[in-house]
Amino acid sequence: MTPHPPSSDPSPVVVLENAQHRYGRHQVLQGIDLTVSPGECAVLYGANGSGKSTLLALLSTRYTLREGRYLLDGIDVRQEPHEARARLLFIGHHTHLYGHLTPLENLQFFTSLRTIPTTDQQLRHVINTVGLNKAVDKPVQWFSAGMRKRLALARLLLAHPKLLLLDEPYSALDTQGVGWLNAMLTTFLHNGGSLIMASHDPERVAALPHRPWQLARGRLHPISNAQESEAC
Amino acid sequence: MTPHPPSSDPSPVVVLENAQHRYGRHQVLQGIDLTVSPGECAVLYGANGSGKSTLLALLSTRYTLREGRYLLDGIDVRQEPHEARARLLFIGHHTHLYGHLTPLENLQFFTSLRTIPTTDQQLRHVINTVGLNKAVDKPVQWFSAGMRKRLALARLLLAHPKLLLLDEPYSALDTQGVGWLNAMLTTFLHNGGSLIMASHDPERVAALPHRPWQLARGRLHPISNAQESEAC
Amino acid sequence: MLIQAIYRIAWKDVVGDLRRRATLSSMLFFAISVLVVFQAAFEPDRQEALRLLPGLLWATTLFTTLVGLGRVFQAEEEDGAFEGLLLASVPRGVIFFGKWLGNLLLTLLVELLILPLILVLFNVDAWKHVPAILAILALGTLGLTGLGTLLAAMTRGARSRETLLALLLLPLTAPMLIAGVQAIAGILQADGIVAPWIKLLTIFDLVYLALAPWAFGWLVEE
Amino acid sequence: MLIQAIYRIAWKDVVGDLRRRATLSSMLFFAISVLVVFQAAFEPDRQEALRLLPGLLWATTLFTTLVGLGRVFQAEEEDGAFEGLLLASVPRGVIFFGKWLGNLLLTLLVELLILPLILVLFNVDAWKHVPAILAILALGTLGLTGLGTLLAAMTRGARSRETLLALLLLPLTAPMLIAGVQAIAGILQADGIVAPWIKLLTIFDLVYLALAPWAFGWLVEE
Amino acid sequence: MNILKKIQLPTGILTWITLIAGVWLVFNVPDDFQQGGAVKILYIHVPSAKMALLSYLVVTVASILHLWKRSETADILAEAATSVGAAFTAMTLASGSIWGKPMWGTWWAWDARLTSMLVLLILFKGLMVLRHSLDDPVKGARATAILAIIGAVDLPIIHYSVVWWRTLHQPPSLSAGSNAGIHIAGPLLTPLLILTVAFMLLTLYMTTVKARQIEARRRLDALETARMHADE
Ligand code: HEM
Ligand SMILES: Nc1ncnc2c1ncn2[C@@H]1O[C@H](COP(=O)(O)OP(=O)(O)OP(=O)(O)O)[C@@H](O)[C@H]1O
Ligand SMILES: Nc1ncnc2c1ncn2[C@@H]1O[C@H](COP(=O)(O)OP(=O)(O)OP(=O)(O)O)[C@@H](O)[C@H]1O
Ligand SMILES: [Mg+2]
Ligand SMILES: [Mg+2]
């Protein structure tokens, strides 16, 4: 539970200003401001249905920002979504995996689409790292919930994004998986990556240096680490 | 973390003896013995892919037991799966919800298939209880992850099963949701219901009196409450 | 009791669909566009149209059914809904009949609407035979949708599902199709033979509807 | 670079499919069963068969394409895979062309195989026109699959998807169908008119393939 | 499966002997006055047609056994007989077409027997595709078995088509009591009978080989999974 010092880094990775989102007429987010510096981890808390996943979808460019400003690594995302996408990685509630492909083929497709140069050996190594070595030739549709989650998170070791977006990354993982994920995220932050995640699990987030935020009634507020356990 | 006294109830709700399951030729479970008495809660821990969901699928009659014995409330499940189904409720990784129906319609379909006599007013009350009053007329496909989970769990208040099977019930729920679920489960156990759940979350399970089990290498072992945090 | 469960399952599919008004009308418009395609592809003259009428009716019915089959279990695919249905304590046969009933009702409605349309569009004078033709269509549709529902259950979750479904359905229904076409052709001619073809259709119906619920039970077992 | 991405997306769909050997041959056999259905429904004699040949070819192509469309985005439906694809930093047009290419290749292969079969089965002597007929079929297929892929994207996740897809595709392709049928009919007749129909087909192709990637970009935006 | 190994070689040898004897006889029989040299196709056509139908019958019976007794051997037999039957069906269609050209002046006519035989080919194809389209081999086997049983209605249609409908095709001429059509006279009959026996042996041989192949492949898959899940 290391509190993160308020940073005033001159070049933040994410600058979101006055963002909002509506589903039809239902205004889910309004006037959202969020700044995240390199090496910083922002954790979004909030009740079910408060809009955390929606905010992450906006940040991931999955939803188009209709109003407000969104700079990612200095790029105006509304102008150049394409450039922005190359700099971020989003792993959401869904695993984005193809059931009829094996873990290896899934990762091959992922790296080739993003033109990340890798060899099969490296991919196998990554699959080993997330503890799926025994299932390396098994189509993903037969994986257990936690195994899918592990494979989805394995992408983190292949892409080297500036911004990482995670939606409830700890769900379905066992203790070992949580430990491994936290180690990976610590390295990622240490290397200057930025991380924004939604979670209901302050106990598990505690292992990372982070700054907590709360989403309520469509608005985002910074909170103190002490308030975390009530916020989620 | 109230340890459950070893019960020697004369008429257990679940008696599973020497159960096993294979996917193709991959033996996931072998020689599983499990007895659960009325009012008892058994929690299954185990690494990702250890077979917890598979065991729950067997107990739910979703998978047919090929070998071994399974008595549910005195009924031989292999002989009368149909009778057994009327006595249990399973809420798994999936929510079993129809996206194009509203919460009310989903619950109506659920109760009418199980011939549970209810009125719309009662159903609305249940929907309120799980905190979905604002979304009562919204098709379920637009729900957030936690809202879906809440609605899935709302069935618990309608069916009055002898045996309740839950697969990672706490995932996606916020703090309030967890509190509400634990209160509901405590009442259920208090009224003599039996509960078997798989979880990776000993902190949240701790609020319930329960007996922990560990699944490893296809076998099920009882463990002590002290060992819980390493087992999952 | 069981009847009520059948009705509830069919209700969820059909009435839910009808209330949103999309399915029936889009099936109907699909049938119309099949007719347009036939017209564009074959350009039959009036004389020919009378001869082609039975085939046109059956081919339209068949393709409409085929295209509608994907829908039968679609709602069940999402988020384990079908699993939930299987865990309710109703016999498997009831689930099958529920699904079948929904499918049957929609297909029958489309047939009812499409027949007068064909007569108008292709300018065929067979109005006095409408009830008899409808009866034969309905008779064939019983077995057709029964078989279709079973195949839809069989190919749940299969790869290239639509192609597979079509590949399996068409050859199996070929005999029914021939019988149906001949029966309607018989009606349209003054001295046509009808009875044996109707007998054949009935036999197919009985066989498929007797086998299907049982086969369905086998299919969903795991 | 972009070409490689197109290829990778098509590869995942087609080569992945072909490797499992099911798709191509089952599409072919499906096309054969469509022929059986036509025969059973219409029973054309030899003279009629020649006249119906262009329509038969196009109708078979159309239904084969239609039934194959469900497959195009099937793999993308599961567990947010399509979302993952959209988040990769490739332009939307590339994703569209990747999907289209896979679809096109399969359909062309089926046409290539089905044409000689039709000639044999319906006993039509048009062997010397085979290359010209194939060229026209291929020309029409470009636009047909382009439109089809777009519609498949449009109806992703829609309810009663197959029906809807069919409902949208058939009327939109009716003009192409007429042009295609007339062009082939022109070739089969000694003094037939072909050139203007081919021009029309080409225009349709260009319009659809120019509009589609752009429309696709709009469709997937949220 | 052991029995297959034992009978494979003897059937192979017997098949060759009868085949050679039959073919020798065929080339030493006077040409039919009416049909000329083309009649020799009869000796391929008729036996392959019989074997195609026989194979489907085997598939049907094996499918029933598979569903009823859950016998994997029956399933292997069904799969093997499916490939063999498909080959003979294709051969019947090809030889019939080739023969049809001189006899009827056309490769193909849509008469009842020819059409129903084409349907049989599509059915065989459907059986082969369905088995591998479902990712779970157990489900694939079961679905295939059910489809095979439903498809069996085509068998009587093929066989009796020439009796029920007025067809271009030859009515049964080997069966007693038939008086229509061309009778196959004595000197032509002997080689036909011998070749029919030879084809029967050939079918047995091919099915045996195929079944052993399938069995070996399944065992290999099993070893593969066993290797993958070793040690756990
Ligand atoms: C593609 C075309 C053809 C197909 C699909 C076909 C199919 C069949 C089948 C399935 C049988 C076995 C019927 C049974 O045992 O129940 C058969 C038998 C026979 N076929 Fe063909 N046939 C074709 C063409 C021909 C032609 C052109 C001739 C010669 C004129 C011919 C002569 C015979 C004869 C003599 C038998 C034996 C009849 C009997 O004993 O039942 N077939 N054919
Ligand atoms: N349908 C299936 N076909 C083949 N193998 C399967 C299937 N479902 C699960 N498995 C395999 O069985 C094993 C146990 O899976 P299961 O889902 O029961 O694990 P779990 O204990 O629930 O894991 P988690 O904690 O990740 O949810 C895994 O190795 C998985 O790959
Ligand atoms: N596609 C959609 N269409 C309409 N409304 C939607 C859609 N997706 C989400 N919503 C609504 O927007 C609100 C916020 O949803 P969101 O998924 O962002 O919540 P969340 O904070 O992630 O919740 P959870 O903790 O349960 O995951 C909810 O009220 C939900 O019903
Ligand atoms: Mg969420
Ligand atoms: Mg699980």
Side-chain angles (χ1 to χ4, degrees), chain A residues 23-24 26 28 45-57 92-94 130-135 138-139 141-151 153 167-180 198-204 206 214-216 228-232, chain B residues 23-24 26 28 45-57 92-94 130-135 138-139 141-151 153 167-180 198-204 206 214-216 228-232:
Chain A
Y23 289 110
H26 172 26
V28 179
Y45 294 110
N48 288 142
S50 57
K52 302 180 295 301
S53 301
T54 308
L55 181 52
L56 287 174
H93 281 303
H94 293 293
V130 299
L132 294 175
N133 34 327
K134 274 179 225 132
K138 192 171 187 163
Q141 70 208 82
W142 292 335
F143 276 26
S144 77
M147 290 160 78
R148 295 183 74 99
K149 192 84 186 189
R150 281 160 177 254
L151 183 57
L153 290 167
D167 203 349
E168 302 194 31
Y170 300 107
S171 79
L173 288 183
D174 59 14
T175 321
Q176 189 218 350
V178 171
W180 155 81
S199 180
H200 291 297
D201 221 342
E203 296 95 343
R204 282 170 185 169
Q214 180 171 29
L215 201 53
E228 271 185 49
S229 52
E230 290 130 53
C232 51
Chain B
Y23 289 109
H26 171 26
V28 178
Y45 294 109
N48 287 143
S50 57
K52 300 181 295 302
S53 301
T54 308
L55 181 51
L56 287 175
H93 281 301
H94 294 292
V130 300
L132 294 174
N133 33 328
K134 274 182 230 130
K138 192 172 186 162
Q141 73 207 81
W142 293 331
F143 275 26
S144 78
M147 290 160 76
R148 295 185 74 98
K149 193 85 187 188
R150 280 161 178 253
L151 183 57
L153 290 167
D167 203 349
E168 303 194 29
Y170 300 106
S171 79
L173 289 183
D174 59 15
T175 322
Q176 190 218 348
V178 170
W180 157 80
S199 180
H200 291 298
D201 223 341
E203 295 96 343
R204 285 174 183 165
Q214 180 170 30
L215 201 53
E228 272 186 48
S229 53
E230 290 131 52
C232 52

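By convention in this document, chain letters (A, B, ...) are assigned in the order of the sequence lines, proteins followed by strands, and residues within each chain are numbered from 1. Nothing here was measured: the structure is a model prediction, and the numbers come from that model.
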- Give the minimum heavy-atom separation between A:Arg204 and B:Glu203, together with the two atoms involved. NH2-OE1, 4.1 Å

- Query: Which heavy-atom pair separates B:Ser144 from A:Gly49 by the least distance, and what is that distance?
  - Reply: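 What the structure gives for the nearest pair is OG-N, 3.3 Å.
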
- Message: Just verifying a value: how many Å separate B:Leu173 CG and A:Asp201 CG, rounded to the nearest 0.5 Å?
- Response: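 Going from the CG atom of B:Leu173 to the CG atom of A:Asp201 covers 11.5 Å.
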
- Listed partners of A:Ser53 passing side-chain contact (heavy atoms from CB on, under 4.5 Å), at least two apart: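 Expected list: A:His93, A:Asp167.
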
- What pairs with A:Val28 under side-chain contact (heavy atoms from CB on, under 4.5 Å), at least two apart in sequence or on another chain? A:Tyr23, A:His26, A:Thr54

- Query: Is the side chain of A:Asn48 donor-acceptor paired with the backbone N or O of B:Ala172 at a distance under 3.5 Å, no angle test?
  - Reply: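 Such a contact is found between A:Asn48 side chain and B:Ala172 backbone.
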
